[in-house]
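As structure tokens, the structure follows; a few thoughts come after it.
Each ligand, and each atom within it, is numbered from 1 in the order the structure gives.
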Amino acid sequence: MEKKNIDWSNLGFTYIETDQRYVSHYKDGAWDEGGLTADANVVINESACVLQYAQTCFEGLKAYTTADGHIVMFRPDLNAKRMADTAKRLEMAVFPEERFIDAVHKTVEANVSYVPPYGSGAALYVRPYLFGSNAVIGVRPAEEYQFRVFTTPVGPYFKGGAKPITIRVCDFDRAAPRGTGHVKAGLNYAMSLHAIVDAHKQGFDENMYLDAATRTKVEETGGANFLFVTKDGKVVTPKSDTILPSITRRSLMYVAEKYLGLSVEEREVPFEEVQEFTECGLCGTAAVISPVGKVVDHGKEICFPSGMEAMGPVTKKLYDTLTGIQMGQIEAPEGWIHVVC
Ligand code: PLP
Ligand code: COI
């Protein structure tokens, strides 16, 4: 199929409307058959649960063009599972996992002309989402839901691509103990908006959130998990019940251990230890791995030895191996690559 006339190499992380999206409705206890539509607008009642009580959640994954010209998605089964977990936590109707995979597959297939070409550095971002759609006024879950999927071509999440970024230790909390930090609820992002606007105003690219209970341990950023590298070359990632279980992070830890032969540790990371690390990266679908050059804690700067010019060597190896797997140049572990066409 002919590609759209888009300047693929200069895409940012912004919304560009594509041709088709998927929609399925839940009513009277069952999901309808679902299907594609060209209409990008959603019409719902003024008192829909999503509008009044933020009963909404989402997922994010990417479709890529591989070196040999196929269109593939990365581990959509894990997004399906995570959305099911999120839906249960928010008392929403669960969209069946096998139907989730079929829906993202169909949506990507219908927008193939928007999948950036191999080598452009861009990808087609796929955004499944689910929300309570009928009118409620007492605080309770909706009885009707919409599951939708749209796509949009994207470039790097942070301006400058692989250039190291500067983040600050944030005075706002992202997730409460026993709250919703471990699921992909829209409300987690609504409450991070003030913190990110403030961070940008102060000249920082992102926020480093600490654990809300003690404010002594590293959690994650607004949209990515952390990876650190120790002086002796171990890859460390924070373990916490209040962070999102990133699919990219889980994949990178596997890659670090099984492909690169590195030691890996998923454990609590005291903020005090951050100054000891040699490299720091943010990992997620949107971020891929974005290197962090500097963390600023109320004026005190922690500068990683990897510097502000380029990714550190371990981060670079992880990045190259993961993207090599995603683009089909390196053999993927069983089940990681879903071929669309
Ligand atoms: N943490 C948060 C808060 C996120 O929003 C995301 C993005 O999905 C991630 C981490 C990274 O998760 P994943 O690698 O599954 O995209
Ligand atoms: C993703 O990486 O898919 C995210 O959801 C992060 C951000 C865009 C919210």
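Looking at His298 and Asp171, their side chains do bring a donor and an acceptor atom within 3.5 Å of each other. A donor-acceptor contact closer than 3.5 angstrom links the side chains of Glu219 and Ser240.
Of the polar atoms of Glu220, at least one N or O is found under 3.5 Å from an N or O of ligand 1, judged by distance alone. The distance criterion of under 3.5 Å between nitrogen or oxygen atoms is met by Tyr125 with respect to ligand 2. When only interatomic distances are considered, the shortest N/O to N/O separation between Arg174 and ligand 1 does not fall below 3.5 Å. Of the polar atoms of Ala286, at least one N or O is found under 3.5 Å from an N or O of ligand 2, judged by distance alone. Backbone and side-chain nitrogen or oxygen atoms of Cys283 are examined, and none is located within less than 3.5 angstrom of a nitrogen or oxygen of ligand 1. Checked against a 3.5 angstrom limit, the closest N/O atoms of Thr248 and ligand 1 fall inside it.
Nearest protein heavy-atom neighbour of atom 5 (O) of ligand 2: Lys184 NZ, 2.7 Å. Regarding atom 16 (O) of ligand 1, its nearest protein heavy-atom neighbour is Thr285 OG1, 2.6 Å. Scanning the protein heavy atoms around atom 6 (C) of ligand 2, the nearest turns out to be Gly223 O, 3.7 Å. Of the protein's non-hydrogen atoms, the one nearest atom 5 (O) of ligand 1 is Tyr189 OH, 2.5 Å. The closest protein non-hydrogen atom to atom 8 (O) of ligand 1 is Lys184 NZ, 2.7 Å.
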Worksheet entry | Steps toward salt bridge (Lys or Arg N to Asp or Glu O under 4.0 Å) verdict (Glu273, Arg267) | CA-CA 12 Å; Glu273 192 184 348; Arg267 59 163 169 84; 2.8 Å; yes
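Of the charged side-chain nitrogens involved, at least one lies within less than 4.0 Å of a carboxylate oxygen, so that Arg215 and Asp173 count as a salt-bridged pair. Checked for salt-bridge contact, Asp77 and Lys81 miss the test: no charged N lies under 4.0 Å from a carboxylate O. Using a cutoff of 4.0 Å between basic side-chain nitrogens and carboxylate oxygens, Glu276 and Lys231 are scored as salt-bridged. Of the charged side-chain nitrogens involved, at least one lies within less than 4.0 Å of a carboxylate oxygen, so that Lys316 and Asp320 count as a salt-bridged pair. For the pair Glu206 and Arg168, the salt-bridge criterion is not met [side-chain N within less than 4.0 Å of a carboxylate O].
The heavy atom nearest to atom 9 (C) of ligand 1, considering only Gly181, Gly223, Gly284, is found in Gly223.
Interface of Phe58 with ligand 2, defined as ligand atoms under 4.0 Å from a residue heavy atom, comprises 5 (O). Annotation for ligand 1: atoms under 4.0 Å from non-hydrogen atoms of Gly222 are 3 (C), 5 (O). Those atoms of ligand 2 that come under 4.0 Å of a heavy atom in Tyr157, given as number and element, are 8 (C). Close approach to Tyr189 involves these atoms of ligand 2, each under 4.0 Å from a residue heavy atom: 9 (C). Close contacts of ligand 1 with Asn225, meaning ligand atoms under 4.0 Å from a residue heavy atom, involve 1 (N), 10 (C).
When each of Thr107, Thr151, Thr152 is tested with Thr18 by the rule side-chain hydrogen bond (donor to acceptor under 3.5 Å, both in side chains), just one qualifies, namely Thr151.
When ring centroids are compared, Phe226 and Phe228 come within the 6.0 Å threshold.
Using bins of under 30°, 30° to 60° and over 60° for the plane-to-plane angle, the ring pair Phe147/Phe100 lands in the tilted bin.
Heavy atoms of Arg82 found under 4.0 angstrom from ligand 1 belong exclusively to the side chain. Residue-level proximity to ligand 1 for Ser246 is carried by backbone and side chain together, each with a heavy atom below 4.0 angstrom.
No more than 12 heavy atoms of other residues, nucleotides or ligands sit less than 6.0 Å from atom CG of Asp241.
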